[in-house]
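As the structure lists them, so they are numbered: ligands from 1, and atoms in each ligand from 1.
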Amino acid sequence: MAPQGSQAELEFGGPLGAAALLLLLPATMFHLLLVARSGPARLLGPPPYLPELEELWSPWALLLCLTWLGLQAALYLLPARKVAEGQELKDKSRLRYPINGNPIYDFFLGRELNPRICSFDFKYFCELRPGLIGWVLINLALLMQEAELRGSPSLAMWLVNGFQLLYVGDALWHEEAVLTTMDIIHDGFGFMLAFGDLAWVPFTYSLQAQFLLYHPEPLGLPLASVICLINAVGYYIFRGANSQKNTFRKNPSDPRVADLETISTATGRRLLVSGWWGMVRHPNYLGDLIMALAWSLPCGVSHLLPYFYLLYFTALLVHREARDEQQCLQKYGLAWRAYCRRVPYRIVPYIY
Ligand SMILES: NC(=O)C1=CN([C@@H]2O[C@H](COP(=O)(O)OP(=O)(O)OC[C@H]3O[C@@H](n4cnc5c(N)ncnc54)[C@H](OP(=O)(O)O)[C@@H]3O)[C@@H](O)[C@H]2O)C=CC1
Ligand SMILES: CC(C)=CCC[C@@H](C)[C@H]1CC=C2C3=C(CC[C@@]21C)[C@@]1(C)CC[C@H](O)C(C)(C)[C@@H]1CC3
């Protein structure tokens, strides 16, 4: 958070960057979906064809999306769900700044940190439910379509479905952990997160399954086993690092983290400098990127398209790590510099 009274740093390139992304993101997703359906599946270059306008509009598709959102909203409001404490701000309250000089930038990044109607939190709802669950549903539909087309799903399709079902299932199982992510703590709920949660995740993250439906990839058991191992290593690092930090943040005296070495900070919060968080400053990102590689490998190496997610995700996490570094430097000052000296690498040991 920028110190009170200072000019908050404009991110994502400010209004110009936000305006460019408003156009570029939907266009990129549209291009990817067209390329995935084309024979050549050539990621770089013009779209293979532009559909007629009537192909782009279906009242049934709109009804299906609204029904899906309504179903998820109804499930979200079920009284049985657990209520978890969110993250407190430093002075126990929430400061609000009327910022009206850059509407496009506000529209893109969002200004409301926790948009709610009664207890319905739009950002929290969108982060984990319609998009993420929709993602695995699309994958399952593609797997079933391949079974119809070829008699049975390919091993590559099974792997992609399985890996990504594990990832979404893990996210829902550790639903409470989302409360400590940057999106919930720091980012407003604007176009970036709304489009990201509801469109980009379900339709871009299912790209490998879409590619496999139109471009079957033979995959032998030995290579499949290696890919499963890669995904397992990635998940082990991802889950281990996230759980270690979340456990430490909830209870530093927890026996699972009590013996870890830490650095004290002026805010009273301590920073882990051993365990996963002593290896690199974002070990969870490393695990996530290794899994992203495992999701692309079943598609073979004949096309760049299935590796779009890995490329995009690397850029997203490198940018996100830089944003988090700035926020942590503002939160912890000298303690964070001491942490950076102790743990010099950001995401990949001895590389970055
Ligand atoms: N699949 C996808 O599209 C995406 C997945 N992700 C995944 O989401 C997960 C969460 O990532 P993200 O939201 O970026 O935030 P992180 O989980 O990386 O949390 C960053 C925060 O953790 C705290 N922290 C950092 N270092 C330490 C330390 N050494 N000791 C104690 N606390 C520390 C700081 O907050 P504080 O000190 O205030 O607690 C910091 O701001 C990651 O696993 C990432 O891979 C993220 C983006 C996209
Ligand atoms: C280019 C573009 C539209 C960017 C928007 C970025 C969003 C798609 C991502 C920002 C942070 C995310 C997280 C997850 C999904 C993607 C977005 C919304 C996440 C819910 C995936 C599952 C993980 O287990 C997670 C809960 C840690 C994670 C939180 C961050």
Sequence neighbours left out, cut at 3.5 Å: what donor-acceptor pairs do the side chains of residues 37-45 make with other protein atoms?
unit_1	atom_1	unit_2	atom_2	d
R37	NH1	L33	O	3.0
R37	NH1	Q210	OE1	3.2
S38	OG	V35	O	2.7
S38	OG	A41	N	3.1

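Contact annotation for atom 28 (C) of ligand 2: protein absent (non-hydrogen atoms, distance under 4.0 Å). Distance screen at 4.0 Å: atom 25 (C) of ligand 2 has no protein heavy-atom neighbour inside the cut-off. Distances from atom 18 (O) of ligand 1 to the protein include at least one heavy-atom value under 4.0 Å. Under the 4.0 angstrom criterion, atom 11 (C) of ligand 2 counts as having a protein heavy-atom contact.
At a 4.0 Å heavy-atom cut-off, ligand 2 touches L25 through the side chain alone. Looking at Y309 against ligand 1, only its side chain comes within 4.0 Å, counting heavy atoms. At a heavy-atom distance under 4.0 Å, atoms from both the backbone and the side chain of N284 approach ligand 1. If you look at A241 next to ligand 1, there are no close heavy atoms at all, none under 4.0 Å. Of all the heavy atoms of H319, none lies under 4.0 Å from any atom of ligand 2, so neither backbone nor side chain is involved. With a 4.0 Å cut-off on non-hydrogen atoms, L272 touches ligand 1 through its backbone as well as its side chain. At a heavy-atom cutoff of 4.0 Å, ligand 1 is contacted by no atom of V273, backbone or side chain. If you look at F238 next to ligand 2, the close heavy atoms, those under 4.0 Å, all belong to the side chain. Of all the heavy atoms of D183, the ones lying under 4.0 Å from any atom of ligand 2 belong exclusively to the side chain.
Atom CD1 of I117 is surrounded by 12 or fewer heavy atoms from other residues, nucleotides or ligands within 6.0 Å. The number of heavy-atom neighbours closer than 6.0 Å to OH of Y352, taken from other residues, nucleotides and ligands shown, is above 12. When the shell of 6.0 Å around CH2 of W158 is examined, it contains 12 or fewer heavy atoms from other residues, nucleotides or ligands. More than 12 heavy atoms of other residues, nucleotides or ligands shown are found within 6.0 angstrom of CG on L56. Annotation for M144: atom CE does not count as buried by contact number, only 12 or fewer foreign heavy atoms lying within 6.0 Å. Counting non-hydrogen atoms of other residues, nucleotides and ligands closer than 6.0 Å to CH2 of W57 gives a total above 12. Heavy atoms from other residues, nucleotides or ligands lying under 6.0 Å from OH of Y49 number more than 12.
Side chain of Y205 to main chain of V136: no donor-acceptor pair is present (N/O by atom type, distance under 3.5 Å, no hydrogens or angles).
Contact atoms of ligand 1 toward Y205: 1 (N), 2 (C), 3 (O) (distance under 4.0 Å to a heavy atom of the residue). Counting atoms of ligand 1 from 1 in the listed order, those under 4.0 Å from a heavy atom of L316 are 48 (C). The atoms of ligand 1 that sit less than 4.0 Å from any heavy atom of H282 are 18 (O). Under a 4.0 Å criterion applied to the non-hydrogen atoms of Y339, ligand 1 contributes the atoms 29 (N). Taking every heavy atom of D197 and a limit of under 4.0 angstrom, the matching atoms of ligand 2 come to 18 (C). Residue F313 approaches ligand 1 through these ligand atoms, each under 4.0 Å from one of its heavy atoms: 1 (N), 2 (C), 3 (O), 4 (C), 5 (C), 48 (C). Annotation for ligand 2: atoms under 4.0 Å from non-hydrogen atoms of A171 are 22 (C), 24 (O). If you number the atoms of ligand 1 from 1 as listed, the ones under 4.0 Å from a heavy atom of K331 come out as 34 (C), 35 (O), 36 (P), 38 (O), 41 (O). Near F238, meaning under 4.0 Å from one of its heavy atoms, ligand 1 places the atoms 43 (O). The contact set between ligand 2 and R320, taken as ligand atoms under 4.0 Å from a residue heavy atom, comprises 10 (C), 11 (C).
Ligand 2 lies out of reach of M182, whose nearest heavy atom is not under 4.0 Å from it. Within the 4.0 Å heavy-atom cutoff, Q327 does not count among the residues contacting ligand 1.
The pair D187-R111 does not meet the salt-bridge criterion, since no charged nitrogen lies less than 4.0 angstrom from a carboxylate oxygen. A salt bridge does not link R239 with D288: none of the charged nitrogens is closer than 4.0 Å to a carboxylate oxygen. A salt bridge is absent between E261 and R270: the closest approach of a Lys/Arg side-chain nitrogen to an acidic carboxylate oxygen does not fall below 4.0 angstrom. At a threshold of 4.0 Å, the pair E112-K123 does not count as salt-bridged, since none of the basic side-chain nitrogens sits closer than that to a carboxylate oxygen.
Atom 23 (C) of ligand 1 has its closest protein heavy atom at K245 CD, 3.9 Å. If you check which protein heavy atom lies closest to atom 1 (N) of ligand 1, you get Y167 OH, 2.9 Å. Taking atom 45 (O) of ligand 1 as the reference point, the nearest protein heavy-atom neighbour is D288 OD2, 2.6 Å. Scanning the protein for heavy atoms near atom 20 (C) of ligand 1, the closest one is D324 OD2, 3.6 Å. Residue, atom and distance of the protein heavy atom nearest to atom 46 (C) of ligand 1 are R320 NE, 3.6 Å. Remark: minimum distance from atom 14 (O) of ligand 1 to any protein heavy atom is reached at Y285 OH, 2.4 Å. The single protein non-hydrogen atom nearest to atom 37 (O) of ligand 1 is Y332 OH, 2.4 Å, given as residue, atom name and distance. Given atom 39 (O) of ligand 1, the protein heavy atom at minimum distance is R249 NE, 2.7 Å.
With atom 21 (C) of ligand 2 as the reference point, the heavy atom nearest to it among F108, Y167, F12, F313 is part of Y167.
For the residue pair W295 and Q164, no side-chain donor N or O sits within less than 3.5 Å of a side-chain acceptor on the partner. In this model, a donor atom of one side chain and an acceptor atom of the other lie less than 3.5 Å apart for N242 and N284.
For the pair T180 and ligand 1, the shortest N or O to N or O distance does not fall below 3.5 Å. Taking only nitrogen or oxygen atoms, main chain and side chain alike, R281 does not reach within less than 3.5 Å of ligand 1.
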